[in-house]
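What follows is a set of notes on a single structure, which appears directly below.
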There are 2 protein chains.
Amino acid sequence: MSTSERLIESTRELLWERGYVGTSPKAIQQRAGAGQGSMYHHFTGKPDLALTAIRVTAQEMRDRAEEELSAPGTAFERVSAYLRRGRDVLRGCPIGRLTQDPDVVADPALRRPVDETFAWLRDRLADVLAEGRDRGELDAALDPVATASAVVAVLQGGYVLARAAGSAEPFEQAVDGVLGLLAARVVPTPSP
Amino acid sequence: MSTSERLIESTRELLWERGYVGTSPKAIQQRAGAGQGSMYHHFTGKPDLALTAIRVTAQEMRDRAEEELSAPGTAFERVSAYLRRGRDVLRGCPIGRLTQDPDVVADPALRRPVDETFAWLRDRLADVLAEGRDRGELDAALDPVATASAVVAVLQGGYVLARAAGSAEPFEQAVDGVLGLLAARVVPTPSP
DNA sequence: GTCTATATGATGATAGAC
DNA sequence: GTCTATCATCATATAGAC
């Protein structure tokens, strides 16, 4: 891995662990095993490096979600697989946590990839739900867009509850809760 | 307001706006109109002041929630009133945002009031839902604990989505989504 | 490309006068 | 109780040698 790549990886880790405000150039350099000169040669400063790191993490998150959401199965099965995928819950969401960073939210360039990631995710989930509804798998009265937003919110809020509790349990309960509600909207298949 | 109270209020505001890591003693003092000596006379340091501030905010949040959840009405009406209460969505939740602060989560004393607040809220919502189920207002198969966790998670996640988007819209959609799912579990009242 | 100075201001606190 | 030094360290760079 090149010095530039190591700097990006270090920044990705630190942004996840400590956020933008809590991450110093010095800490990035130390974790990457690089000096000050290297960092300021490859990047104009902390915002530039952070933007690069955020973009990589955002792309990774989209790719991972697309895997589950484009898999075969009913809409309910795919949403369920996405929500129940193994996660290191107590670490939280590397993109969602950035929304609590005042300097990220205040800078349009830094906020943009965060915004786009969640917008894409809600749209993608809404598509899956709308498809399930149109196929007759889900209740015709289900609102795909609102439900998709609720599903993404449960994930992000689940992380918050888990970190507050110091345990993954509230996250799992919240996922159980929303899937339980959604399951009640699944149209029963006529027996063969 | 005494100097001590002004210091607490300033800390509450700054913790909400910038988090624990992003809040400096100097900023607290300036906003409170107090000198260094005053702050270190009344409090042992930043953690002590933050703990006091967090406790006040947590109590305020519980009192406010209790108002809506103990109001008259069906379980669905009370949960709905709680979720739809007017909120300054883009500011986020003053307690939930602390879960993204590494120094808060790492310090058991600071994390405790955050943990207790969410534990209380989930329990209280679960009580309301269980009561509604036992009264026959809600489907007997509804899981009160899991559903309560999902409701709180939608709120916390809604803030995340709203701050990412720079708009309250995703928050409102998420609330619509979970209430739409819950409404489908309301047992129809027999017409008189 | 990487390194070592060097610089300005902030951070989080202590000491002691008033 | 409040104020003004004073302090060591960190944050975020820039300059210039190698």
Side-chain angles (χ1 to χ4, degrees), chain A residues 1-56 97-98 100-111, chain B residues 1-56 97-98 100-111:
Chain A
M1 209 169 14
S2 70
T3 299
S4 162
E5 285 168 337
R6 287 204 317 281
L7 284 164
I8 295 170
E9 281 309 300
S10 302
T11 306
R12 296 216 300 142
E13 291 171 16
L14 284 164
L15 285 180
W16 195 354
E17 292 168 20
R18 306 198 41 86
Y20 184 83
V21 168
T23 296
S24 69
K26 189 179 189 179
I28 293 170
Q29 293 151 24
Q30 283 177 341
R31 191 173 291 214
Q36 295 239 100
S38 288
M39 185 186 131
Y40 286 101
H41 171 75
H42 292 288
F43 302 93
T44 64
K46 180 175 161 178
D48 182 27
L49 184 44
L51 179 57
T52 306
I54 292 170
R55 282 185 175 146
V56 172
R97 74 112 47 242
L98 298 172
Q100 304 304 325
D101 240 307
D103 293 0
V104 170
V105 173
D107 182 339
L110 290 178
R111 185 168 65 77
Chain B
M1 208 167 19
S2 70
T3 300
S4 162
E5 286 168 337
R6 287 204 316 281
L7 284 164
I8 295 170
E9 281 310 300
S10 300
T11 306
R12 297 215 298 141
E13 292 170 16
L14 284 164
L15 284 180
W16 195 353
E17 292 168 21
R18 305 197 43 84
Y20 183 83
V21 170
T23 296
S24 70
K26 188 178 189 179
I28 293 170
Q29 294 150 23
Q30 284 177 340
R31 191 173 292 212
Q36 295 239 97
S38 288
M39 185 186 131
Y40 286 101
H41 171 76
H42 292 287
F43 303 92
T44 64
K46 179 176 161 177
D48 182 28
L49 184 43
L51 179 56
T52 305
I54 291 171
R55 282 186 175 144
V56 172
R97 74 110 49 240
L98 298 172
Q100 304 304 325
D101 240 306
D103 293 0
V104 170
V105 172
D107 182 339
L110 290 178
R111 184 168 64 78

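Labels below follow one simple rule: chain letters A, B, ... track the order of the sequence lines, proteins then strands, and each chain is numbered from 1.
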Extract all donor-acceptor atom pairs below 3.5 Å that involve side chains of residues 34-41 of chain A and protein atoms in other chains or at least two apart in sequence.
{"residue": "A:Q36", "atom": "OE1", "partner": "A:Q29", "partner atom": "NE2", "Å": "3.4"}

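Between A:R6 and A:E9, none of the side-chain N atoms (NZ, or NE/NH1/NH2) sits under 4.0 Å from a carboxylate O, so this pair counts as no salt bridge. With salt bridges taken as basic N to acidic carboxylate O contacts below 4.0 Å, none links A:D107 and A:R111.
Counting non-hydrogen atoms of other residues, nucleotides and ligands closer than 6.0 Å to CZ of A:R31 gives a total above 12.
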Steps toward side-chain contact (heavy atoms from CB on, under 4.5 Å) verdict (B:D101, B:V105): CA-CA 6 Å; B:D101 240 306; B:V105 172; 5.8 Å; no
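B:F43 has its CZ atom 16 Å from the P atom of C:dT14, to the nearest Å. Rounded to whole Å, atom P of D:dC10 lies 13 Å from atom CZ of A:R18. Per the geometry, CE belonging to B:M1 stands 17 Å off P belonging to D:dG1, to the nearest Å.
B:P102 places a side-chain heavy atom less than 4.5 Å from the side chain of A:R97. At least one side-chain heavy atom of B:R18 sits under 4.5 Å from a side-chain heavy atom of A:D103. Considering only heavy atoms from C-beta on, A:L14 comes within 4.5 Å of A:E17 through its side chain.
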Heavy-atom protein contacts under 4.0 Å, nucleotides 11-18 of chain D, coded B base, S sugar-phosphate only, - none: SBBB----
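Using a 4.0 Å cut-off, no side-chain N or O of A:T3 falls inside it from OP1 or OP2 of C:dG1. Of the side-chain N and O atoms in B:H41, none sit less than 4.0 angstrom from OP1 or OP2 of D:dC3.
Comparing D:dG1, C:dG1, C:dC3 against the side chain of A:S38 picks out C:dC3 as the nearest.
Note on the helix from C:dG1-D:dC18 to C:dC18-D:dG1: terminal axis deviation equals 0°, with five pairs used at each end and the result rounded to 10°.
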